[in-house]
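These numbers come from the heavy atoms of this one structure, side chains and all, not from hydrogens, waters or symmetry mates. Within every chain, numbering begins at 1; the chains are lettered A, B, ... in the order of the sequence lines, protein sequences first and strands thereafter.
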Protein chains: 2
Amino acid sequence: MPRMGVVAGSDTRERILAEALEAFGTNGFEATSLDDLAEQLGVRKQTILYHFGSKSDLFMATIDAAVGELGEAMVEAGRGRTGWSAVESVVNTVFRIAVREPARLGLLRETTRLGGEWANRMRESLTPVIEKARLFLTLEMRRGNMRQTDPNLVLVSAYSTVMGVATEVEVLRAVGIEPTLREAVKRRRELLRFLEAALVA
Amino acid sequence: MPRMGVVAGSDTRERILAEALEAFGTNGFEATSLDDLAEQLGVRKQTILYHFGSKSDLFMATIDAAVGELGEAMVEAGRGRTGWSAVESVVNTVFRIAVREPARLGLLRETTRLGGEWANRMRESLTPVIEKARLFLTLEMRRGNMRQTDPNLVLVSAYSTVMGVATEVEVLRAVGIEPTLREAVKRRRELLRFLEAALVA
DNA sequence: AGGTCTGTCTACCAATTGGTAAGGGCAAGG
DNA sequence: CCTTGCCCTTACCAATTGGTAGACAGACCT
């Protein structure tokens, strides 16, 4: 039987995935009900269950999509660049994502919070990207372009910093920084200076 | 199951608060049910409601307690110190808390995620501490002991980094760092070098 | 002894949750 | 035309949730 190949077919699945990413990343797993999700999509809850089987499966699919695309974007940003320019490019890319789709980074954080099997899955998706980054750092250190330290710890620090600066909105407010685009640009520049000072020899 | 509590001075309230901190900080607000909480305390849910009125009120009380003590600890750690030594002392203190009571930092993060009135409340509790820190940084910069940058952004970066390095367990695992005590010590040392390189002129 | 206050409990409840069962519309294709 | 498979729906449900109402036991006070 030929699969229903007509173009106009159901984009419902994709729409669900997008909305789920938004909801899970913003409000968290438990606080996102399938009914609400369905209502926002103008669809019944059973439609969601039809496409994804269960809430857990939906969440897992969301992780795969979100992490996958994020990883690709990062690898793409670093491709063909070397030294500080590569770091800069990756940070810029992640920052752009953080501003345009904050829920995507929020989902990462939510997943680490939930732990268990889901976190494993995310970790596996993320591993190749991290491996690339580690290789890059090791090389740069050996070349003397970067401070000689444990690349793993550098990665964690950088990740945490980017993630935090990009998503800890309330903390930003606490120090008097409003989450506007203009401020985001300033923050990114400052973050880069911060990283450069810490990393570049 | 008949259960009779002969209690002299009600430490129940304190026990609830402690357990709530652990649960909210680890599993989040929505994923923490009053029934579960009560069961872990060997108490009925209505006892919790008697002491705190509602789940929201309990959460708010938890924030107040957690943030209050954290702030005190940080102020205490910085008292009487100047320059890099002060930063170091504060970071050490926060790290100790992160290792011994990860749920306390988790609660902060959870609160920023929930946003709204609760985040406001946390922000207000945190403001005095942040104000102290900002003053400190401004002074150090003017004295030439630290790089001349926007103190707000430095604060955000430092906060994010400490918080992230302390709590992003899965990401740590992803780069091959197991959350053991020994590793935590290494991470702290690395974090301090990272901060020092970025901050100290 | 009797009254009041405090702390905990039992009994319930309305609402919401994720999930099952089954049916209907509709295009494809024999 | 009629079957088949896809997509989405209505109907329902058992479990769980936060919360109310009220009883009961002990401590303290008079």
>> Going by the rule salt bridge (charged side-chain N to carboxylate O under 4.0 Å, His left out), which residues pair with B:Arg104 if we only count those two or more places apart in sequence or in a different chain?
In response: B:Glu69, B:Glu101

> Residues from residues 109-118 of chain A sitting under 4.0 Å of DNA chain C, heavy atoms only?
Replying inline: none

> Which residues satisfy the salt bridge (charged side-chain N to carboxylate O under 4.0 Å, His left out) test with B:Arg15, sequence neighbours excluded?
Replying inline: none

> With sequence neighbours excluded, what pairs up with A:Arg189 under the salt bridge (charged side-chain N to carboxylate O under 4.0 Å, His left out) test?
Replying inline: none

>> Counting C-beta onward and ignoring hydrogens, is there a side-chain heavy-atom pair between A:Leu137 and A:Asn152 closer than 4.5 Å?
In response: no

> Excluding sequence neighbours, so at least two apart, what forms salt bridge (charged side-chain N to carboxylate O under 4.0 Å, His left out) with B:Arg182?
Replying inline: none

>> Can you see if the side chain of B:Ser33 gets near the phosphate of D:dT17 - specifically, an N or O under 4.0 Å from OP1 or OP2?
In response: yes

>> At less than 3.5 Å, do the side-chain atoms of A:Lys45 and the base atoms of C:dG18 form a donor-acceptor pair?
In response: yes

Quick one: which protein N/O atoms are closer than 3.5 Å to N/O atoms of nucleotides 20-23 of chain D? Pair and distance per line, please.
residue, atom, partner, partner atom, Å
D:dT20, O4, B:Gln46, NE2, 3.0

>> If I take atom CG in residue B:Asp11 and atom P in nucleotide C:dT6, what distance separates them, rounded to the nearest angstrom?
In response: 18 Å

>> Expressed as a whole number of angstroms, how long is the span from A:Leu41:CG to D:dC7:C1'?
In response: 15 Å

> So, do B:Glu140 and B:Thr82 sit near enough that their side-chain heavy atoms are less than 4.5 Å apart?
Replying inline: yes

> Which one, D:dT17, D:dG19, D:dC8, comes nearest to the side chain of A:Thr47?
Replying inline: D:dC8

> Does the side chain of A:Tyr50 get closer than 4.0 angstrom to OP1 or OP2 of D:dC8 through an N or O atom?
Replying inline: no

> NZ of A:Lys55 versus C1' of C:dT16: gap in Å, rounded?
Replying inline: 11 Å

>> Just the rounded figure in Å: distance from P of C:dG7 to CD1 of B:Ile16.
In response: 11 Å

>> Contact between A:Met146 and A:Val87 at the side-chain level, heavy atoms closer than 4.5 Å - yes or no?
In response: yes

>> Quick check for you: among D:dG18, C:dT10, C:dT17, whose closest atom lies nearest to any side-chain atom of B:Arg44?
In response: C:dT10

> Rounded to whole angstroms, how far apart are CD on A:Glu30 and C1' on D:dT17?
Replying inline: 13 Å

>> I'd like to check the side-chain contact (heavy atoms from CB on, under 4.5 Å) partners of A:Ser85; sequence neighbours left out, ordered by chain and number.
In response: A:Arg81

>> Of the options D:dT17, C:dC9, C:dG18, whose atoms approach the side-chain atoms of B:Val43 most closely?
In response: C:dC9

> At under 4.0 Å, does any side-chain N or O of A:Thr12 touch on OP1 or OP2 of D:dC8?
Replying inline: yes

>> Under 4.0 Å, heavy atoms only, any strand: does B:Thr32 hit a base, just the sugar-phosphate, or nothing?
In response: sugar-phosphate

>> I need the CG-P distance between B:Asp35 and D:dG18, as an integer number of Å.
In response: 7 Å

Distance-only criterion, 3.5 Å: show the donor-acceptor pairs between side-chain atoms of residues 19-29 of chain A and protein atoms not counting sequence neighbours.
residue, atom, partner, partner atom, Å
A:Thr26, OG1, A:Glu22, O, 2.6

> Of the candidate nucleotides C:dG19, C:dG7, D:dG19, which contains the atom at the shortest distance from the side chain of B:His51?
Replying inline: C:dG7

> In chain order, what residues pass the side-chain contact (heavy atoms from CB on, under 4.5 Å) check against B:Leu191, with sequence neighbours excluded?
Replying inline: B:Val91, B:Phe95, B:Thr161, B:Val162, B:Leu195

> Rounded to whole angstroms, how far apart are CD1 on B:Ile48 and P on D:dT17?
Replying inline: 12 Å

> Nearest-Å distance, CG (A:Leu34) to P (D:dC13)?
Replying inline: 20 Å

